[in-house]
Amino acid sequence: MDERAAADRMVVGVDGSPQSVAALRYAATLATALGASIEVVTTWSYPPVADAPMLADWDPAQDAARALDATVAEAFDGDPPRSLTRAVVSGGAAKTLIERSAGSRMLVLGSRGHGGFVGLVLGSVSTACAAHAKCPVLIVH
């Protein structure tokens, strides 16, 4: 992707949580106003302790793609913006989103995802991204 296209791109991290659906909807409104495209990103990784037989029939990338598609469908009632692209990436969410933020117009995230401790105002991914992203960060609560 060239620098100009990246600068006109808003990156949205999603994990299927209600907060990530809200973040995606909000990003779409902003992207329309700013004339930007939307790149929706979800990540996956193997569990730290993985038993090979347990993983034989599991395709985490495919599961992540299904979750991403479901999030996009929920956010837009099955009619996503034409400028929306999807990316399923292997690796940690915070690291991936921080890398993809380079040159982007904005990084948009929900305040909390599926993981972590209930009751925290910000999740670990949104906290890391707010501190280290290479572009402005919008955290939707």
Side-chain angles (χ1 to χ4, degrees), residues 1-52 54-141:
M1 178 177 296
D2 66 30
E3 286 184 34
R4 183 172 177 186
D8 289 336
R9 177 190 71 198
M10 296 181 72
V11 176
V12 185
V14 300
D15 67 355
S17 66
Q19 291 87 351
S20 71
V21 172
L24 182 52
R25 286 180 183 141
Y26 202 90
T29 300
L30 286 175
T32 299
L34 298 172
S37 63
I38 303 167
E39 179 185 35
V40 186
V41 179
T42 194
T43 64
W44 65 271
S45 60
Y46 286 107
V49 178
D51 183 16
M54 175 185 84
L55 301 176
D57 294 330
W58 179 48
D59 184 347
Q62 189 175 43
D63 285 352
R66 279 194 289 266
L68 185 145
D69 290 344
T71 301
V72 170
E74 181 178 350
F76 301 112
D77 294 324
D79 188 24
R82 297 183 78 196
S83 67
L84 184 142
T85 59
R86 304 164 200 229
V88 177
V89 182
S90 171
K95 181 178 185 291
T96 299
L97 293 169
I98 291 166
E99 288 170 355
R100 288 181 111 80
S101 73
S104 296
R105 179 168 283 203
M106 184 178 293
L107 174 61
V108 183
L109 307 164
S111 59
R112 301 243 353 108
H114 280 302
F117 299 97
V118 175
L120 293 177
V121 176
L122 290 179
S124 60
V125 172
S126 55
T127 299
C129 288
H132 301 288
K134 310 299 183 207
C135 67
V137 178
L138 173 64
I139 300 173
V140 177
H141 184 65

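These figures come from a predicted structure and were not determined experimentally. Here, residue 1 is the first one in the sequence, and each next residue gets the next number.
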Engineer: For Ser20 and Val14, which heavy atoms make the closest approach, and how far apart are they?
Structural biologist: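 Residues Ser20 and Val14, closest heavy atoms: CB-CA, 3.6 Å.
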Engineer: Output yes when a side-chain donor or acceptor of Arg105 lies under 3.5 Å from a complementary backbone atom of Leu34, and no otherwise.
Structural biologist: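 Yes: the side chain of Arg105 pairs with the backbone of Leu34.
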Engineer: How long is the straight-line distance from CZ of Arg25 back to CD of Glu74, given to the nearest 0.5 Å?
Structural biologist: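 Glu74 CD to Arg25 CZ: 6.0 Å, rounded to 0.5 Å.
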Engineer: Mind checking what makes side-chain hydrogen bond (donor to acceptor under 3.5 Å, both in side chains) contact with Asp63, not counting sequence neighbours?
Structural biologist: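 For Asp63, the residues satisfying side-chain hydrogen bond (donor to acceptor under 3.5 Å, both in side chains) (neighbours in sequence not counted) are Trp58, Arg66.
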Engineer: Please answer whether the main-chain N or O of Lys134 pairs with a side-chain N or O of Ser101 as donor and acceptor at a distance below 3.5 Å.
Structural biologist: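 Checked: pair present.
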Engineer: Mind running side-chain contact (heavy atoms from CB on, under 4.5 Å) on Val125 and Asp15 for me, showing each step along the way?
Structural biologist: CA-CA 11 Å; Val125 172; Asp15 67 355; over 6 Å; no
Engineer: Write down the atom of Thr43, the atom of Ala64, and the distance for their closest heavy-atom approach.
Structural biologist: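 Closest pair (atom of Thr43, atom of Ala64, distance): O-CB, 4.3 Å.
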Engineer: At their closest point, which heavy atom of Ala36 faces which heavy atom of Ser83, and how far apart are they?
Structural biologist: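 Scanning both residues completely, I find the closest heavy atoms to be O-OG, 3.9 Å.
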Engineer: Between Ser126 and Ser111 (side chain of the first, backbone of the second, donor and acceptor by atom type, cut-off under 3.5 Å), is there such a pair?
Structural biologist: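 A pair under 3.5 Å: yes.
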Engineer: For the atom pair CE (Met10) and SG (Cys135), what is the distance rounded to the nearest 0.5 Å?
Structural biologist: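 Spacing of CE (Met10) from SG (Cys135) equals 9.0 Å.
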Engineer: State, to 0.1 Å, how close Thr96 and Gly91 come at their nearest heavy-atom pair, and which atoms those are.
Structural biologist: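 Result for this residue pair: OG1-C, 4.1 Å.
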Engineer: I need the minimum non-hydrogen distance between Ala133 and Leu107, along with the two atoms involved.
Structural biologist: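 The pair with the smallest heavy-atom distance is CB-CD2, 4.1 Å.
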Engineer: At what distance, to the nearest 0.5 angstrom, does SG of Cys129 lie from CG of Leu97?
Structural biologist: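 One gets 4.5 Å once the value is rounded to the nearest 0.5 Å.
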Engineer: Check the surroundings of atom OH in Tyr26: do more than 12 heavy atoms from other residues, nucleotides or ligands lie under 6.0 Å from it?
Structural biologist: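 Counting other residues, nucleotides and ligands, OH of Tyr26 stays at 12 neighbours or fewer.
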Engineer: Run Thr42 and Thr71 through side-chain contact (heavy atoms from CB on, under 4.5 Å) and show every step you take.
Structural biologist: CA-CA 10 Å; Thr42 194; Thr71 301; over 6 Å; no
Engineer: What closest approach, in Å, do Ala27 and Val12 show between heavy atoms, and which atom pair accounts for it?
Structural biologist: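 So the minimum-distance heavy-atom pair works out to CB-CG2, 3.4 Å.
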Engineer: Any side-chain heavy atom of Leu24 sitting closer than 4.5 Å to one from Ile38?
Structural biologist: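 A side-chain contact under 4.5 Å exists here.
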